Number of protein chains: 2
Amino acid sequence: MAVDTGMKLAPLRYESAPLRNQIIAALRSAIEAGILKPGTRLIERDLCEQLNVSRTSLREALRELQALGVLSHTANRGLMVGTLTREDASNAYSIRSVLEALVARQFIDHAIDDEFAQLASLGLTLKKAYRSGSVEQILKAKRAFYDCLCSGARNNLAFDFINRLTLRTSQLRSTSLARKERQQQSVREIDAILAAIAARDAGAASDAAHAHVESAAASAFAAQDQVTEDEIAPPRRSANLTG
Amino acid sequence: MAVDTGMKLAPLRYESAPLRNQIIAALRSAIEAGILKPGTRLIERDLCEQLNVSRTSLREALRELQALGVLSHTANRGLMVGTLTREDASNAYSIRSVLEALVARQFIDHAIDDEFAQLASLGLTLKKAYRSGSVEQILKAKRAFYDCLCSGARNNLAFDFINRLTLRTSQLRSTSLARKERQQQSVREIDAILAAIAARDAGAASDAAHAHVESAAASAFAAQDQVTEDEIAPPRRSANLTG
DNA sequence: TTTTGTATGATTGTATGACATACAAAATGG
DNA sequence: CCATTTTGTATGTCATACAATCATACAAAA
């Protein structure tokens, strides 16, 4: 007979850390940080040396990143960091816009009181992060905010999709998030979303979510245009990742 | 010296056919056809034997399918065909709904006359496919229709996302598409979408797209409920793929 | 009878070496 | 200077090997 102490022990699951997941994380953050710029060719042998992993594991990681849309493949020439045309970026923001509007509506329909409170709290954290100006903190808080939003909306699939979109546009975001004006406006937009959700006004929440994403898009494009001149450079070899 | 006949020959560029792409296609169609049922464990060694490929290539294919969300992974137990909870399915349809509404609006904004005509033509083909009752033809026509729609909307990213969604819900679709009532209603809904687009009425097109997807969802759930009784079975070993 | 310890097999994770193929760039020859 | 050949580069694929972990069955002990 098993003992029943009444205690609930956490499952203590072995949080799978296959090597390829570390590789994926390393490449992702290198891309997001701009160490691997769009158009950079990824040579397997070089990456194996730099990351000190076998080709087998590296290739599996590359296949995943490829399927996620971060890397693009050309026949007999291998992989390169995906480039984002202006049209693609605009579409990514359009899709995020309708997705977030959907999730906002669903949140109002399905979330329980606890989740409303939690979302409000995470909204505060997010606004604080914006005011702090740290890109890293903003991204972390944003992720937590959307996680709560989608989870309250009972729509984890949307969370998945939103993450994929943000992954693809990560190059743009890192430049635009750093702008002071953008940060101030973001705070106002977050407030609008939170207020609409708190008021259980699905239409207003949807509109506010729309507005937030579209204003983010405008800011990202403005930021991009400022640096475009330098960026017409030819494809590069992969840079050093060990930094 | 190369001949120049004045003809424009299609690039015919070896559309790379790596073995893993064939593997992916084989597994995909096996899942869509129901040969590999949700919950089936995928044992690498067995699949290697059945497909007569090396583990290296197979695993790379599996990583891609995993990233696409078709397969789910549990630590130290490997992969299995992803199961779709009812909530997931509902969300997939919700997302498709807002995506298609978006694309319909964008199509009206951006498409040129040629594309309007082409979409109308593909709409006819699609309706004919519905009337023929062949699931295979319906799927093919639908894909062509959406391809044209997204391409006219200048939104290939949306096409990508829609395809991912349909991939995940493929299990449901194959059963629901086969129903006669559904086919008749689909024809009416397609007509509504085409009419709204032809009239350049973005609001109506968006509404019609919404309605189409949501009615498809309702039908899929109805079809699913009819077969649910048999499907509470335990996890299965992988079936024979060579058929 | 129940629990615990142990052995064994199954399965994935990772690494290595090898070979074929296709492309790119350099060298060669006119 | 152009065309052809050669060489180098990089990926695609395979076979093999070993480690780590889990599942199962079975024996030993309580």
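Just so it is clear, the values below take in all heavy atoms, side chains as well, and ignore hydrogens, waters and symmetry mates. For clarity, every value in this text was computed on a predicted model and none was experimentally measured.
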Rounded distance in Å - [atom1] ([X]) to [atom2] ([N]):
| X | N | atom1 | atom2 | result |
| --- | --- | --- | --- | --- |
| B/Ile43 | C/dG13 | CD1 | P | 11 Å |
| A/Leu71 | D/dT11 | CG | P | 12 Å |
| A/His73 | D/dT11 | NE2 | C1' | 9 Å |
| A/Glu60 | C/dT14 | CD | P | 8 Å |
| B/Glu49 | D/dA15 | CD | P | 12 Å |
| B/Glu44 | C/dT14 | CD | P | 11 Å |
| B/Leu79 | C/dT12 | CG | C1' | 10 Å |

* **Residue pairs, two or more places apart or on separate chains, that pass salt bridge (charged side-chain N to carboxylate O under 4.0 Å, His left out) and touch residues 161-176 of chain A** => A/Asp160-A/Arg164, A/Arg168-B/Asp160
* Tell me whether the OP1 or OP2 atom of D/dT11 has a side-chain N or O from A/Arg77 closer than 4.0 Å. => no
* Can you name the residues that form a side-chain contact (heavy atoms from CB on, under 4.5 Å) with A/Thr83, not counting sequence neighbours? -> A/Pro38, A/Met80
* Sidechain-backbone polar pair: A/Ser57 side chain, A/Ser54 backbone, donor-acceptor under 3.5 Å ->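 No, because the side chain of A/Ser57 does not come within donor-acceptor range (under 3.5 Å) of the backbone of A/Ser54.
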* Asked: Does B/Thr169 reach the main-chain N or O of B/Leu172 with its side chain, forming a donor-acceptor pair under 3.5 Å?
  ->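 Side chain of B/Thr169 to backbone of B/Leu172, a donor-acceptor pair under 3.5 Å: no, none is there.
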* Which residues in residues 62-70 of chain A have at least one heavy atom lying under 4.0 Å from any atom of DNA chain C? ->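 Nucleic-acid contacts, sorted: none.
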Collect all protein-nucleotide pairs involving nucleotides 15-17 of chain C in which both atoms are nitrogen or oxygen and the distance is under 3.5 Å.
from   : atom 1 : to      : atom 2 : distance (Å)
C/dA15 : OP2    : A/Ser54 : N      : 3.2
C/dA15 : OP2    : A/Ser54 : OG     : 2.8
C/dA15 : OP2    : A/Ser57 : OG     : 3.1
C/dA15 : N7     : A/Thr56 : OG1    : 3.3

* Quick one: list whatever passes ring-ring contact (aromatic ring centres under 6.0 Å, His included) with B/Tyr130, sequence neighbours left out. =>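 In terms of ring-ring contact (aromatic ring centres under 6.0 Å, His included), with neighbours along the sequence ignored, B/Tyr130 is linked to no residue.
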* Base, sugar-phosphate, or nothing for A/Arg20, non-hydrogen atoms under 4.0 angstrom? ->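 A/Arg20: backbone/sugar contact only, no base atoms under 4.0 Å.
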Is the shortest side-chain heavy-atom distance between [X] and [Y] below 4.5 Å?
| X | Y | answer |
| --- | --- | --- |
| A/Lys128 | A/Thr125 | no |
| B/Cys150 | B/Ile162 | yes |
| B/Leu165 | A/Leu157 | yes |

* Asked: Hey, is B/Glu49 close enough to B/Arg45 for a salt bridge, meaning N to O under 4.0 Å?
  -> yes
* Asked: Is the shortest distance from a Lys or Arg side-chain nitrogen in A/Glu87 or B/Arg154 to a carboxylate oxygen in the other one below 4.0 Å?
  ->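 So A/Glu87 does not pair with B/Arg154 through a salt bridge.
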* To do: Would you please indicate if the ring centroids of B/Phe161 and A/Phe161 are separated by under 6.0 Å?
  =>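 When the ring centroids of B/Phe161 and A/Phe161 are compared, they turn out to be within the sub-6.0 Å range.
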* For DNA chain D, what is the dot-bracket line, given that a base pair needs Watson-Crick (N1 to N3, plus N6-O4 or O6-N4) or G-U wobble (N1-O2 and O6-N3) geometry with both distances under 3.5 Å, and | means paired with another strand? -> ||||||||||||||||||||||||||||||
